[in-house]
Amino acid sequence: MSKTVLVAGAGIGGLATALRLAKKGYEVEIIEKNNQAGGRLNQIKKDGFTFDTGPSFFSMSFEFEEFAKDCGIKLPFKYYELDPLYTVNFSDNPKTFSLFKDLDKLAAQFEDIEPGFKQKMEKYLEKSGRLFHDTVDLVIKNNFDSYFEYVITLMKVNPVHIPVLFRSFWKQVNMHFSSKEARQIISLVAFFLGRTPFDTMAIYTLLSYTEFKHDGYYNVEGGMYQIIEGLVSELKKANVKITYNTEIESYSESNGKLEALIDKNGKKWIADAILVNADAAVFRNSVFKREKYSDEKMAKMNWTMGYLTFYIGIKCKLPQINHHNYYLGSNYEEYSNNILQNPDTLEKPYYYVNVLSKNNPQCAPEGCETLFFVCPVPNLLFKTDWNDKEIIVNSIISDFSKRIGKDISTEIVSKTIYTPEDWQNQFNLYKGSGLGLSHTMKQIGAFRPANFDEKFKNVFYVGASTLPGAGLPMSIISSKLAYQRIEKYLG
């Protein structure tokens, strides 16, 4: 009789691990709090429009291809490379910058403000590339059984990189570029980790290498949720059952092992091994009631920012803008240094706009556009009242309309708003922190909540707040690390 695995949570990490296990002959079942799979990588269908709710592009496509190869399947979604990667518009500069991987095309846009841009960028990316290749296999793609093992592994990394551990992303970029436009544009990627360039370690400038040199960014045909639908389809073929509307609130134990997870209706879910795809810190706090993850200690951890996201369907086309667009103000450093804690910064919002229908016309009625806005905001530790969400959203829509030379406020036919409160309640994100635990020195590698449980030998974790961290490719890597743990335990 095959051994059984229960996966609690149908985010991308849980789905990917479940498929890896099912393909190796384990009997796998998935339970999910919400009424559809995906976690933050989700979808809204409303008023004839289709919206991606979370991640709107991905990098490191080779991780997805390797995952498909590991599972013996063809990747169940189609993707295409972005060119340009995205555009950036400043409130005090009429020029819109298009971020191309082609360094000649990219450099041409900076020739009047950053002399020698191409040579500077090549030097910066060469350094970022060394960071990536010297750390990805050793640190990112490894399980660690102890802090000691982690430290020993770090000692194997080329010591030339030691200074970046004590330098911010912003300072590292400033060492290579002098113009505010180049510095701000190149440091934008730090926001993808849920923090700002000023409090993100310089080691993460390796992300610039993945952006511009190594692999680039990709979109999925039909929208990002096709990734989830593709995985769910493959799981059905592998006879993996997913039970929705099932939230875990307690557990039972026996002889040092987790006997069962218990849902809100009192039903017990039993398996030989259990994989938790809920936030690894939050689950230990809310379900296991661990002292190390008490309410007091959770509040002292370093969390990512919140996100105000809203999804708008408009009854007109916007040919003047690209698929992925960033809109920045004139006070980048002040804004970045205050955004995590100071609600007043929302009066001058920085934001991102994704036009899903630009390359996926089926996601909007004919003659219409599907827009997805993301604005970094304080999480619920710093801003608890979101009754002003309509005011903030309207201010962003007004600014966006001014920037593109078209008032879209009168064209809106569908609108949905998610505040950090909504992200917290729907996806159990601590205080609405969009990407879970941040990536500080004390919260990376073995210092993140472990992907194996400290008490129950048959419990494991996958997702953004465990190894190796936040992001879609990281979730795919996380699924492999969790799979290795479970296979070793059951084998």
Side-chain angles (χ1 to χ4, degrees), residues 13 40 131 135-136 138-154 157 161-162 164-170 172 189-207 276-286 288 290-307 336 339-341 376 378-382 420 424 428-454 460-471 473-475 477-478 481-482:
R40 282 163 281 192
L131 271 171
T135 59
V136 65
L138 273 175
V139 182
I140 296 175
K141 294 187 176 184
N142 255 336
N143 276 315
F144 302 102
D145 293 330
S146 67
Y147 295 144
F148 178 74
E149 183 183 351
Y150 177 58
V151 171
I152 293 298
T153 301
L154 289 180
V157 176
H161 301 306
I162 290 176
V164 300
L165 295 173
F166 306 97
R167 192 182 296 149
S168 73
F169 197 116
W170 180 252
Q172 183 77 356
V189 68
F191 282 95
F192 298 178
L193 289 173
R195 299 289 287 192
T196 77
F198 301 91
D199 59 6
T200 296
M201 291 189 301
I203 192 171
Y204 287 106
T205 54
L206 61 82
L207 293 174
V276 176
N277 188 208
D279 184 283
V282 172
F283 195 88
R284 285 168 161 105
N285 163 271
S286 62
F288 287 154
R290 298 281 165 74
E291 173 59 28
K292 185 179 177 181
Y293 296 90
S294 65
D295 291 345
E296 182 182 3
K297 291 180 179 178
M298 290 279 282
K300 291 179 180 178
M301 293 178 185
N302 204 308
W303 298 91
T304 53
M305 65 182 69
Y307 292 106
S336 296
I339 187 57
L340 287 171
Q341 300 181 16
N379 60 41
L380 298 174
L381 286 169
F382 303 104
Q424 172 189 250
N428 294 338
L429 299 177
Y430 180 75
K431 300 297 183 181
S433 54
L435 297 179
L437 286 168
S438 61
H439 299 76
T440 60
M441 178 75 81
K442 295 180 180 179
Q443 293 183 172
I444 59 174
F447 296 118
R448 290 182 85 70
N451 61 358
F452 61 94
D453 194 69
E454 52 269 37
F460 306 89
Y461 299 86
V462 67
S465 280
T466 185
L467 295 173
M474 295 301 105
S475 292
I477 295 171
S478 185
L481 297 178

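The figures here come from the full heavy-atom set of this structure, side chains too, leaving out hydrogens, waters and symmetry mates. Just so it is clear, the structure is predicted and the values come from calculations on it, not from any experiment.
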Worked check of side-chain contact (heavy atoms from CB on, under 4.5 Å) between L193 and M201: CA-CA 11 Å; L193 289 173; M201 291 189 301; over 6 Å; no
I need the M441 CE to F166 CZ distance, nearest 0.5 Å. 5.0 Å
Does some side-chain heavy atom of K141 sit less than 4.5 Å from a side-chain heavy atom of V136? yes
How far apart are the C-alpha atoms of Y150 and I444, what are their side-chain angles, what is the distance that settles it, and do they pass the side-chain contact (heavy atoms from CB on, under 4.5 Å) test? CA-CA 10 Å; Y150 177 58; I444 59 174; 3.7 Å; yes
Do the side-chain N and O atoms of S438 and N302 include a donor-acceptor pair separated by under 3.5 angstrom? yes
Do T196 and F191 come within less than 4.5 Å of each other through their side chains, counting heavy atoms only? yes
Mind listing the closest non-hydrogen atom pair of F447 and K442 along with its distance? CB-O, 3.1 Å
Using a 4.5 Å cut-off on heavy atoms from C-beta on, say whether the side chain of R290 contacts that of D453. yes
Within a strict 4.5 Å, meaning less than it, do heavy atoms of the W303 and K431 side chains meet? no
Go through the side-chain N and O atoms of N428 and D279 and say whether any donor and acceptor fall under 3.5 Å apart. no
Would you sort out whether L131 and I203 count as a side-chain contact (heavy atoms from CB on, under 4.5 Å), showing the intermediate values? CA-CA 7 Å; L131 271 171; I203 192 171; 3.9 Å; yes
Mark yes or no for whether H439, through its side chain, and A470, through its backbone, hold a donor-acceptor pair below 3.5 Å. yes
Report the distance from atom CE of M301 to atom CD of Q443, rounding to the nearest 0.5 Å. 7.0 Å
Can you establish whether the number of heavy atoms outside K292 located under 6.0 Å from its atom NZ is more than 12? no
Counting N and O atoms only, with roles assigned by atom type, does the side chain of T304 sit under 3.5 Å from a partner on the main chain of L435, one being a donor and the other an acceptor? yes
Does the distance from a Lys or Arg side-chain N to an Asp or Glu carboxylate O, for R284 and E454, drop under 4.0 Å? yes
Supply the atom-to-atom distance R448 CZ to T466 OG1, rounded to the nearest 0.5 angstrom. 7.5 Å
Nearest-0.5 Å distance, CG of residue L206 to CD1 of residue I140: 6.0 Å
Shortest non-hydrogen contact between S168 and F198, atoms and distance: CB-O, 3.9 Å
In this structure, CZ of F144 is separated from CG of N451 (nearest 0.5 Å) by 10.0 Å
Heavy-atom pair of closest approach, residues F283 and A278: CD1-CB, 3.9 Å
What one should report as the nearest heavy-atom pair of F452 and D145 is CZ-O, 3.8 Å
Close side-chain approach of P449 and Y293, heavy atoms under 4.5 Å: yes
So which atom in A446 and which in S146 form the shortest heavy-atom distance, rounded to 0.1 Å? CB-O, 4.1 Å
Residues forming a salt bridge (charged side-chain N to carboxylate O under 4.0 Å, His left out) with E149, sequence neighbours excluded: none
Which atom of M305 lies closest to which atom of N379, heavy atoms considered: C-CB, 4.3 Å
Side-chain heavy atoms of V282 within contact of L429, under 4.5 Å: no
Kindly determine whether Y461 and L467 satisfy side-chain contact (heavy atoms from CB on, under 4.5 Å), including the steps that lead there. CA-CA 9 Å; Y461 299 86; L467 295 173; over 6 Å; no
Report the distance from atom CH2 of W170 to atom OG1 of T205, rounding to the nearest 0.5 Å. 14.0 Å
